[in-house]
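So that the names make sense, note that chain A is the first sequence line, chain B the second, and so on, each numbered from 1. All figures in this text were calculated on a predicted structure; none of them were measured in a lab.
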Number of protein chains: 2
Amino acid sequence: MHSVWADDQQREPSVEQPDGTRRRATIHDVAKLAGVSRQTVSRAVNDKGEIDPATKERVLEAARLLDYRPSRFARGMVRKGTVTTGLVIPDLMNPFFPEVAAGVLEAAEQRGWQVVMWDSRIDEAREQDALDVLSHQADAIVGYFKSPDDVLARHLGGVPLVLLERGPQQTRFAAVGIDAAAGLAQGMAHLVGAGHRRIGMLDGVHGPGPRRGAFLQQARRYGLPVDESWITLCAEHSVAGGEAGMEQLLDARPDITAVFGFNDLIAVGAMRAARRRGRRVPEDLAVLGFDGLSLGELVEPALSTLHIDKRRLGRLAVEQVARLHSGAEPLRGAEAWVVPELVVRASA
Amino acid sequence: MHSVWADDQQREPSVEQPDGTRRRATIHDVAKLAGVSRQTVSRAVNDKGEIDPATKERVLEAARLLDYRPSRFARGMVRKGTVTTGLVIPDLMNPFFPEVAAGVLEAAEQRGWQVVMWDSRIDEAREQDALDVLSHQADAIVGYFKSPDDVLARHLGGVPLVLLERGPQQTRFAAVGIDAAAGLAQGMAHLVGAGHRRIGMLDGVHGPGPRRGAFLQQARRYGLPVDESWITLCAEHSVAGGEAGMEQLLDARPDITAVFGFNDLIAVGAMRAARRRGRRVPEDLAVLGFDGLSLGELVEPALSTLHIDKRRLGRLAVEQVARLHSGAEPLRGAEAWVVPELVVRASA
DNA sequence: TGGGGGCCCGTGAGCGTTCACGTGAACGTT
DNA sequence: AACGTTCACGTGAACGCTCACGGGCCCCCA
């Protein structure tokens with residue numbers, strides 16, 4: 001069976017107007033061409049009952065001829081219930097975020113919601129552009145944002161927002177967080193248990209955050225000779241960033257025996273840089289990551305890491321949106337946190 | 001400065017109706033509360049001119065009180081120009097696709113378009129669900145689809161479609177393809193140039209496609225003792241799939257000296273399986289991938305691969321959409337193809 | 001022969017905005 | 001004193017669709 005659709009859909013506008021310009025066909029155009037009323041056209045395209053099969057076919061033929069497609073706006077006006085949420089991701093190249101996105105998409109699909117996605121590329125200005133646009137087009141927004149609360153509020157225009165990876169004390173918006181403290185408790189226990197006391201950290205670009213805080217807290221707890229000077233900032237959250245950071249850290253603290261990376265990418269970079277400097281991993285230097293990317297299993301040696309369930313993070317965020325949407329109180333505290341789980345492989 | 005927004009936005013509906021139920025506030029509610037006309041409210045929220053600063057403030061205050069947000073549907077009705085395209089990705093866990101998506105998002109953002117995303121998870125039914133939904137909500141759709149043209153057309157309802165990675169001879173829709181032939185010409189030349197003649201292939205789940213075709217063509221060209229029996233299908237496009245496939249291929253053809261993987265993930269799996277079997281890579285077995293994922297640089301040995309510019313692929317797809325949208329002829333042939341580039345690293 | 005009940009189909013209203021006007025007041029100009 | 005201008009704001013219409021009706025028509029049974 002040859003379908004007319006596939007051929008006709010390539011040309012865009014379809015109805016000639018008095019002034020010569022072309023315009024998308026409306027339900028009225030179809031009705032006129034088929035010699036019926038708008039309502040009958042509506043019945044045909046939405047295949048509801050109460051229509052003669054013959055006229056239905058005639059109407060559909062007319063619709064095909066005019067390349068008619070119902071306006072989603074007009075439809076949305078009268079049929080309530082299409083929910084769209086915006087999703088703002090900082091960096092699609094970092095394998096962490098696609099997985100979070102997958103969780104969001106999965107949960108959204110289950111609820112019959114749609115997700116319009118935006119890549120802020122770790123740029124604060126683009127992040128605000130995202131808000132400006134999405135606040136007009138979405139019923140709620142979830143995502144990663146660097147901007148402070150008041151800036152967000154200004155660009156939000158009253159649209160509900162769910163922040164990813166911010167603790168309740170860090171924002172007055174609804175949020176879904178990662179329990180860095182619980183994660184580092186496991187991680188540091190493991191490192192210390194293996195005899196390490198001189199432990200460095202490669203922190204992310206944003207500087208002091210929960211992960212660094214938890215790291216220092218654990219260091220104090222075990223009485224390690226570790227303070228801020230054992231921490232190096234990486235210029236970017238990538239393997240290259242980790243390599244550069246590690247070079248720097250090794251210069252500053254040549255005597256470290258273990259290093260904790262802000263995320264797996266950085267940790268992998270750290271391993272590479274260390275080996276280039278002639279240090280064996282894990283014998284001379286243990287490396288612990290954070291995130292649990294699947295690429296950690298692929299590198300040599302396999303990366304020990306604090307694994308977090310990224311899909312769950314995304315699903316939780318959608319859950320939060322649902323609560324805001326229904327007027328319920330958003331989850332606060334432990335329910336809205338995902339706690340990392342130590343995965344011991346070869347690197348530490 | 002304390003913003004009212006951030007607090008109020010948490011509760012959802014706002015206007016009490018005669019029957020007791022609650023309803024989202026409309027521009028009319030705000031107008032009534034502020035004691036002005038709809039038009040003045042419109043002027044205030046869109047901050048256009050011709051309004052007294054004092055009344056503007058009064059109106060905005062009323063809007064805040066009612067948690068008023070303009071309906072995107074009503075707006076879309078009267079203000080034309082918001083373009084939304086649907087993006088259907090088969091598997092967000094495969095690092096290849098997020099990068100394509102990044103290209104799509106980038107190009108869409110430049111044009112001021114929005115992208116609603118859908119993860120079909122390599123499921124043909126979900127793929128059609130995606131079409132059913134997106135055909136109602138998007139002005140065009142781009143993505144990966146397994147379904148044949150006529151099925152697609154049936155679920156498309158006339159919405160323009162741009163297929164990713166299908167050659168012009170494989171579909172009557174607009175498409176953006178990968179020049180597998182050109183890629184494999186480089187790849188096989190390299191392998192043969194290194195002395196290999198017994199070359200196997202780990203193909204993807206979908207069976208015979210352009211990559212396999214090009215592989216066999218090159219094998220014939222060089223007169224290699226290679227036919228379909230040197231090809232093993234992998235159950236999934238993942239490292240695990242590649243490992244399993246490689247086991248099988250080594251059983252069937254223990255004498256191969258090189259193998260070409262359908263994609264990098266499979267190729268990495270192949271390397272791992274081969275090494276587990278005691279074969280050194282590349283000395284005993286050369287491995288060549290396809291895709292150019294950045295994780296290829298991270299594994300041991302680093303993966304040689306046919307690199308493709310995935311972002312460009314995404315950008316091209318948006319370009320195609322733009323053409324369809326403007327009524328122009330879509331790109332056909334070479335302009336709509338991205339050609340792989342051989343990147344020689346350690347594995348081959 | 002009248003009336004009840006399916007079937008098809010059309011009509012008006014309304015969804016929430018914005019746009020193109022129109023209006024009245026205040027002010028300055030000749 | 002009459003008139004044009006500017007400013008601040010309001011009024012009807014239109015956007016494209018669906019929903020709740022209402023109205024013919026034909027058939028069947030009393």
[N] OP1/OP2 closer than 4.0 Å to side-chain N/O of [X]:
{"X": "A:Ser71", "N": "D:dC17", "value": "no"}
{"X": "B:Thr40", "N": "D:dG10", "value": "yes"}
{"X": "B:Ser37", "N": "D:dG10", "value": "yes"}

Could you state the [atom1]-[atom2] distance from [X] to [N], rounded to the nearest angstrom?
{"X": "A:His28", "N": "C:dT11", "atom1": "NE2", "atom2": "C1'", "result": "13 Å"}
{"X": "B:Arg75", "N": "D:dC17", "atom1": "CZ", "atom2": "P", "result": "21 Å"}
{"X": "A:Phe73", "N": "C:dG14", "atom1": "CZ", "atom2": "C1'", "result": "19 Å"}
{"X": "B:Arg23", "N": "C:dG14", "atom1": "CZ", "atom2": "C1'", "result": "13 Å"}
{"X": "B:Arg72", "N": "D:dC15", "atom1": "CZ", "atom2": "C1'", "result": "17 Å"}
{"X": "A:Asp52", "N": "D:dC26", "atom1": "CG", "atom2": "P", "result": "14 Å"}
{"X": "B:Asn46", "N": "C:dG16", "atom1": "CG", "atom2": "C1'", "result": "13 Å"}
{"X": "A:His136", "N": "C:dT17", "atom1": "NE2", "atom2": "C1'", "result": "13 Å"}

Parallel, tilted or perpendicular: ring planes of A:Trp113 versus A:His325, cut at 30 and 60 degrees: tilted
Ion pair check, B:Arg311 and B:Glu106, cut-off under 4.0 Å: yes
Looking only at N and O atoms, is any donor in the side chain of [X] or the base of [N] less than 3.5 Å from an acceptor on the other one?
{"X": "B:Glu50", "N": "D:dC9", "result": "yes"}
{"X": "B:Gln39", "N": "D:dC9", "result": "no"}
{"X": "A:Arg43", "N": "C:dG10", "result": "yes"}

Sugar-phosphate, base or nothing in reach of A:Lys56, heavy atoms under 4.0 Å: nothing
Most 5' of B:Arg38 and B:Met77 on DNA chain D, judged by nearest nucleotide: B:Arg38
DNA chain D: 5'-proximal contact among B:Lys80 and B:Arg58 (nearest heavy atom): B:Arg58
Check: B:Gln128 side chain, B:His155 main-chain N or O, donor-acceptor pair, under 3.5 Å: no
Which nucleotide in the set [options] lies at the smallest distance from any side-chain heavy atom of [X]?
{"X": "B:Ser42", "options": "D:dC9, D:dT18, C:dT18", "answer": "C:dT18"}
{"X": "B:Tyr68", "options": "D:dT11, C:dT17, C:dC15", "answer": "C:dT17"}
{"X": "A:Arg79", "options": "D:dG16, D:dT18, D:dG10", "answer": "D:dT18"}

Greater than 12 external heavy atoms within 6.0 Å of B:Lys56's NZ: yes
Steps toward salt bridge (charged side-chain N to carboxylate O under 4.0 Å, His left out) verdict (A:Arg111, A:Glu319): CA-CA 10 Å; A:Arg111 296 178 186 266; A:Glu319 163 98 359; 3.5 Å; yes
